[in-house]
Amino acid sequence: MTDLLNALRRLARTLALCGAFATAANAAEVVEENVQSEEHDFRIVKLAGGFKHPWGVAQLPDGRFLVTERGGRLALVDGDEVSYIDGVPEVSAMGQGGLLDVVLHPGYGDGEHDWVYMTFSKPGDDGTATALARARLGDGALVDVKELFVQDRFSSPGRHYGSRLAWRKDGTLLMTIGDRGVDRSRAQDINDHAGSVLRLTETGGAPADNPFAGKEEGHDEIFSYGNRNIQGLAVGADGRIWASEHAARTGDELNLIEPGVNYGWPEATRSKEYSSKAPIGKASMPGMREARHIYSGRFAPSGLAAVDSDRFPRWRGNLLAGGLGSEKLLRVVLQGDDVQSTETLIEGELGRIRDVRQGRDGYIYLLNDLPDGGLFRLEPVEN
């Protein structure tokens, strides 16, 4: 009987990936039946809830989901059932810190590369650091857990860990680290991992063709720098790397990330001080790259997806950007390296949007950052 039930579950997951809803949809809750937008009308479906400040989501090949909670738990969503996985690395769950992003190895499912990658705020004697680990998914627990990378300097806990992950087509892994929220100038120091985008091998090393690899100045792992706190990261079908970056008070940025480029923080920024509202830096500086787009108001970006799904053909080539304080999901229309326009798809319906992902099945998945957070799916509605 157990074997039969397991076989039926596997069949249900396969059907879900092919567009049917099976077990998961029977338990799903439609939050909004028909949200109208310029290119695709869609519905919002809640798949699971009860997460405590969820941060990152990854869809497994069989249709299940892994969801990180900032407090340090890793959830497994299997249809309408949510369980928790043991063996997660120790985290410092203070302020913005904790268990953060999660992605699968691009070859996940072939047996050899069945690795789950996680970022987290690692506690230490001198504070905390942004760290990367990988593990295999065992029966109710992570196995073969290995720490792959820890930023070079521990500092006061609680702020600006960055911590988004994204794979490039060349098999290297991008990882963001914030400026850590105390000494802004760290983001301008290429001998400090803070305030940068890293490019790593699948085992956490530095590729030999990184911008500063093998040079006297600069860490081998650094790909770009001058980044305040990137919490949205996506690689498009064309290979372009896009990043949503928190500024301070207004001035949140969408950047096109390129190797060796200085993105200006805190010298070149449209941001203002929280208390005095005085400008933090100049709008532009020689040798520093300006943002491709400044998000309107206090957007507070987190979560970014590059759409190439056949389920949303008229969104192909667009970005979907989540906002925390703004509680928005924006569609960002690109034309080459530039932003042509934006459209607000969601505003307030889900609260703070923490993560935005295109799943293996082509649907769009969202997490909201709440004490009782949920996993949501966007589905096209054909009129």
Side-chain angles (χ1 to χ4, degrees), residues 48-58 65-77 82-104 116-135 137 141-142 145-151 153-166 173 175-182 193-195 198 228-233 244-246 300-304 322-325 351-357 365-375:
F51 305 112
K52 296 182 179 179
H53 294 290
W55 213 94
V57 59
F65 297 89
L66 295 173
V67 175
T68 59
E69 293 181 350
R70 200 167 67 233
R73 297 195 302 176
L74 178 64
L76 177 66
V77 181
V82 177
S83 57
Y84 286 87
I85 305 298
D86 293 330
V88 176
E90 180 187 1
V91 307
S92 172
M94 181 182 298
Q96 298 168 6
L99 184 61
L100 303 171
D101 211 4
V102 57
V103 297
L104 306 181
V116 177
Y117 290 74
M118 299 160 289
T119 55
F120 57 100
S121 52
K122 176 182 172 66
D125 293 339
D126 297 318
T128 58
T130 304
L132 171 72
R134 76 175 186 181
L137 187 60
L142 297 176
V145 180
K146 184 176 181 181
E147 192 174 89
L148 301 182
F149 175 84
V150 181
Q151 75 173 114
R153 178 177 159 190
F154 283 70
S155 53
S156 300
R159 291 193 291 171
H160 298 190
Y161 293 95
S163 220
R164 282 295 173 200
L165 296 170
L173 179 62
M175 172 180 170
T176 70
I177 299 181
D179 68 0
R180 296 306 317 280
V182 178
H193 288 128
L198 310 182
R228 183 176 182 263
N229 191 28
I230 292 174
Q231 290 191 347
L233 188 66
S244 282
E245 180 171 341
H246 284 272
S302 185
L304 188 69
L324 293 166
R352 293 163 53 86
I353 297 177
R354 172 60 74 181
D355 200 9
V356 185
R357 300 290 172 101
Y365 292 92
L366 310 178
L367 291 175
N368 60 358
D369 180 16
L370 298 171
D372 182 12
L375 171 63

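Take Ser121 and apply the side chain to side chain donor-acceptor pair (under 3.5 Å) test, not counting sequence neighbours, and it matches no residue. With sequence neighbours left out, Thr176 forms a side chain to side chain donor-acceptor pair (under 3.5 Å) with no residue at all. In this structure, Thr68 has no side chain to side chain donor-acceptor pair (under 3.5 Å) partners at least two apart in sequence or on a different chain. Applying the ring pair (Phe, Tyr, Trp, His ring centres under 6.0 Å) test to His246 and every residue at least two apart in sequence or in another chain returns nothing. With sequence neighbours excluded, the residues forming a ring pair (Phe, Tyr, Trp, His ring centres under 6.0 Å) with Phe65 are Tyr365, listed by chain and number. With sequence neighbours excluded, the residues forming a side-chain contact (heavy atoms from CB on, under 4.5 Å) with Leu370 are Asn368, listed by chain and number. Listed by chain and number, the residues in a salt bridge (Lys or Arg N to Asp or Glu O under 4.0 Å) with Glu147 are Lys122 (sequence neighbours excluded). With sequence neighbours left out, the ring pair (Phe, Tyr, Trp, His ring centres under 6.0 Å) criterion links Phe51 to no other residue.
Sorted by first and then second residue, the salt bridge (Lys or Arg N to Asp or Glu O under 4.0 Å) pairs involving residues 155-165 (not counting sequence neighbours) are Asp101-Arg164, Arg164-Asp355. Applying the salt bridge (Lys or Arg N to Asp or Glu O under 4.0 Å) test to pairs two or more places apart or on separate chains, those with a residue in residues 66-77 are Glu69-Arg73, Arg70-Asp369.
Ala133 approaches Phe120 most closely through the heavy-atom pair CB-CE2, 3.7 Å. Across all non-hydrogen atoms, the minimal contact from Ser302 to Val356 is O-CG2, 4.5 Å. Across all their heavy atoms, Ala75 and Tyr84 have their closest contact at CB-CE2, 3.6 Å. Closest approach of Arg352 and Gly325 over heavy atoms only: NH1-N, 4.1 Å. For Ala48 against Val82, the heavy-atom pair with the smallest separation is CB-CG2, 4.1 Å.
Side-chain N or O atoms of Arg134 include none that pairs as donor or acceptor with a backbone N or O of Met118 at under 3.5 Å. No donor-acceptor pair closer than 3.5 Å links the side chain of Gln151 to the backbone N or O of Ala129.
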Before giving the answer on side-chain contact (heavy atoms from CB on, under 4.5 Å), spell out for Leu165 and Leu173 the whole-Å C-alpha distance, their side-chain angles and the decisive distance to 0.1 Å.
CA-CA 7 Å; Leu165 296 170; Leu173 179 62; 4.2 Å; yes
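For the side chain to side chain donor-acceptor pair (under 3.5 Å) with Tyr161, the lone residue among Thr128, Thr119, Asn229 that qualifies is Thr128.
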I'd like a table of donor-acceptor pairs (distance under 3.5 Å, sequence neighbours excluded) in which one partner is a side-chain atom from residues 92-99, with atom names and distances.
| unit_1 | atom_1 | unit_2 | atom_2 | d |
| --- | --- | --- | --- | --- |
| Gln96 | OE1 | His160 | N | 2.8 |

